[in-house]
Amino acid sequence: MDTNQIELEFKTRFGTSPTIFSSPGRINIIGEHTDYNEGFVLPASIDKVILVAIDKRNDQEVHLYSIKYKESFSTHLSAIKPAEKQWASYILGVVHELQKLGLSFSGFNLVLDGDVPDGAGLSSSAALACATTYALNEIFKLKLEKLKMVQISQKAEHNFIGVMCGIMDQFASMFGKKDHAIRLDCKTLAYTYVPVNIEGYKFVLFNSNVKHNLANSAYNDRREACLKGVALIHEKYAGVNSLRDANLQMLDECVKTKDLAIYNKCKFVVEEIERVQLACTDLKNNNLKSLGKRMYETHEGLSKVYEVSCQELDFLVDAVKPNRAVLGARMMGGGFGGCTINLVKEDAIEELTKELTVLYKQEFGLDLTSYIVKIGDGSQLIKKPN
Ligand code: GLA
């Protein structure tokens with residue numbers, strides 16, 4: 001993304017030359033709602049980013065400006081708390097986490113810009129938190145390792161936004177690598193880069209352009225349900241501390257008869273964790289048909305069993321299913337809106353997009369936006385001060 005505008009804005013507002021950092025949004029090929037259950041995920045960072053331009057101040061004040069929202073926010077390091085403006089809360093949440101670690105730094109000026117669409121399930125907020133953490137770490141020489149920065153960014157969301165998100169989005173935004181997906185074990189945090197060689201095909205995102213209100217509370221509810229399931233299994237199998245450690249036999253034995261709703265949610269997660277492993281093998285073997293089939297299975301589970309889809313996303317998946325050029329499709333991310341991710345034959349993308357745009361408009365009166373995924377690098381310094 002071009003840095004001229006953010007640089008100019010910063011200089012005009014604050015009169016100094018900033019350092020500019022970028023953190024990307026992410027896709028997730030497969031492995032949904034598995035991260036907070038210590039399972040596997042397969043995300044990748046994309047070429048859409050959040051930019052942060054920043055410079056130190058000589059006092060303890062924090063001055064923020066968002067180009068997108070045309071809003072500013074100022075505070076003092078001694079008064080860091082969640083703000084009404086959510087974009088500011090992500091930045092302040094990071095500051096708060098750094099303060100809790102006893103790190104010392106002065107005030108700063110920060111301007112924010114980006115081209116990751118909001119509410120599209122591409123983790124613009126994780127990108128914002130990561131960009132902030134990365135930037136503060138660099139300019140104040142805090143010497144934090146990347147993984148620590150990921151955890152700080154995640155905690156900022158827990159504590160200042162109230163969404164008990166897993167680690168996937170921040171991890172992908174920090175560790176992303178061009179043309180690779182990240183196979184992340186959310187239990188050990190060990191990861192490997194998996195080349196995304198899908199010759200003749202592309203991942204295409206169709207943005208439903210809806211984000212239902214339910215999203216945050218439902219997310220936390222699902223997390224609770226999984227924890228309850230684990231607690232029931234733990235009574236009998238003391239070694240089970242997450243759904244990663246559980247299997248279907250344990251669920252049948254300990255959860256099914258006690259709470260069917262929780263059983264179903266847990267069953268989806270256990271199966272999805274397994275599916276990520278198998279999907280990684282598919283990708284390695286270039287078996288895109290099989291990978292696509294698993295994507296459809298994931299959607300079915302997220303929609304019918306885990307119940308985090310919505311009619312717009314279901315429509316977008318159902319509508320592409322009969323098309324033989326589409327090997328797989330599913331809703332992506334937390335749910336209740338945002339994008340579907342589709343594995344589509346390259347020469348059929350244009351036609352498919354046109355058709356789907358018309359169908360979606362007819363059905364919901366809404367515009368469909370689409371985006372052909374390019375996998376870019378993770379968080380990085382983009383430009384030093386002049
Ligand atoms: C959101 C969360 C992630 C993950 C996904 C679902 O994007 O931030 O941690 O749980 O939902 O897979």
Side-chain angles (χ1 to χ4, degrees), residues 23-46 48 50 86 90 93 116-130 150-176 181-187 189 191 205 207-208 211-212 214-227 242-244 265-266 268-273 275-276 279 294-295 297-299 301-303 305-310 313 330-341:
S23 288
R26 63 102 191 90
I27 56 159
N28 185 24
I29 296 174
I30 203 157
E32 225 61 270
H33 291 271
T34 48
D35 60 353
Y36 55 82
N37 288 300
E38 298 193 336
F40 294 94
V41 288
L42 191 60
S45 49
I46 57 175
K48 293 196 177 293
I50 296 291
Q86 210 175 56
Y90 279 99
V116 192
D118 283 348
L122 299 179
S123 297
S124 60
S125 45
L128 170 55
C130 285
V150 167
Q151 289 161 334
I152 288 167
S153 307
Q154 181 193 16
K155 280 196 187 139
E157 176 138 3
H158 288 185
N159 296 329
F160 267 40
I161 307 295
V163 180
M164 297 306 290
C165 62
I167 201 165
M168 169 171 72
D169 305 346
Q170 295 79 3
F171 200 98
S173 185
M174 196 63 79
F175 281 90
I182 307 170
R183 177 187 175 278
L184 172 66
D185 179 339
C186 299
K187 183 172 183 180
L189 300 180
Y191 65 98
L205 305 178
N207 189 351
S208 66
K211 165 121 180 146
H212 296 291
L214 206 72
N216 290 354
S217 63
Y219 186 90
N220 288 346
D221 288 351
R222 295 302 178 277
R223 196 173 172 139
E224 281 294 310
C226 293
L227 287 176
S242 69
L243 287 179
R244 167 69 174 281
K265 301 278 177 288
C266 294
F268 164 78
V269 172
V270 169
E271 287 172 349
E272 180 75 354
I273 291 173
R275 227 175 344 252
V276 183
R294 295 189 207 287
M295 291 169 70
E297 283 168 15
T298 293
H299 184 79
L302 288 169
S303 174
V305 184
Y306 213 63
E307 297 178 295
V308 290
S309 187
C310 57
L313 292 170
R330 61 177 200 84
M331 56 147 279
M332 190 178 73
F336 302 101
C339 292
T340 59
I341 177 167

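Ligands are counted one by one from 1 in listed order, and the atoms in each one are counted from 1 as well.
- Where the criterion is an N or O separation shorter than 3.5 Å, residue side chain and backbone included, C165 fails it with respect to ligand 1.
- Per-residue contacts place G333 under 4.0 angstrom from the following atoms of ligand 1 (heavy atoms of the residue considered): 6 (C), 11 (O).
- With contacts defined as side-chain heavy-atom distances shorter than 4.5 Å, the pair L189/V150 does not qualify.
- Geometrically, ligand 1 and E32 share a nitrogen or oxygen pair separated by less than 3.5 Å.
- Using a 4.0 Å cut-off between a side-chain N of Lys or Arg and a carboxylate O of Asp or Glu, K211 and D118 do not qualify as a salt bridge.
- Residue G166 places at least one N or O, backbone or side chain, under 3.5 Å from an N or O of ligand 1.
- Note on E307 versus K265: salt bridge recorded, some NZ/NE/NH1/NH2 to OD/OE distance being below 4.0 Å.
- Short contacts between ligand 1 and M168, defined as distances under 4.0 Å to a heavy atom of the residue, involve ligand atoms 4 (C), 5 (C), 12 (O).
- Each of the following atoms of ligand 1 lies closer than 4.0 Å to a heavy atom of D35: 3 (C), 4 (C), 9 (O), 10 (O).
- Polar contact with ligand 1: absent for N28 (N/O pair, distance under 3.5 Å).
- With sequence neighbours left out, F336 forms a ring pair (Phe, Tyr, Trp, His ring centres under 6.0 Å) with no residue at all.
- Under a 4.0 Å criterion applied to the non-hydrogen atoms of Y219, ligand 1 contributes the atoms 1 (C), 2 (C), 3 (C), 4 (C), 9 (O), 10 (O), 11 (O).
- Of the options H33, R223, Q154, M331, the smallest heavy-atom separation from atom 6 (C) of ligand 1 is shown by H33.
- Distances from ligand 1 to the non-hydrogen atoms of M332 include no value under 4.0 Å.
- Between F171 and Y191, the ring planes are perpendicular. Angles over 60° get that label, and only those under 30° would be called parallel.
- Although no hydrogens or angles enter the test, the distance criterion places a donor-acceptor pair under 3.5 Å between the side chain of N220 and the main chain of G162.
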- Message: Run the side chain to side chain contact (heavy atoms under 4.5 Å, CB included) test on H299 and E32 for me, step by step, so that the C-alpha distance in whole Å, both residues' side-chain angles and the decisive distance to 0.1 Å come before the verdict.
- Response: CA-CA 9 Å; H299 184 79; E32 225 61 270; over 6 Å; no
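- Near Y36, with a cut-off below 4.0 Å to any heavy atom, the atoms of ligand 1 are 10 (O).
- Note: Y36 and Y219 have perpendicular aromatic rings, judged against thresholds of 30 and 60 degrees for the angle between ring planes.
- For the 3.5 Å distance criterion, the side chains of E38 and S242 qualify, holding a donor opposite an acceptor.
- Between T34 and ligand 1, no N or O atom pair is found at a separation short of 3.5 Å.
- The ligand atoms of ligand 1 that sit less than 4.0 angstrom from a heavy atom of D169 are 1 (C), 2 (C), 3 (C), 7 (O), 8 (O).
- Of the heavy atoms in R26, only side-chain atoms (C-beta onward) come closer than 4.0 Å to ligand 1.
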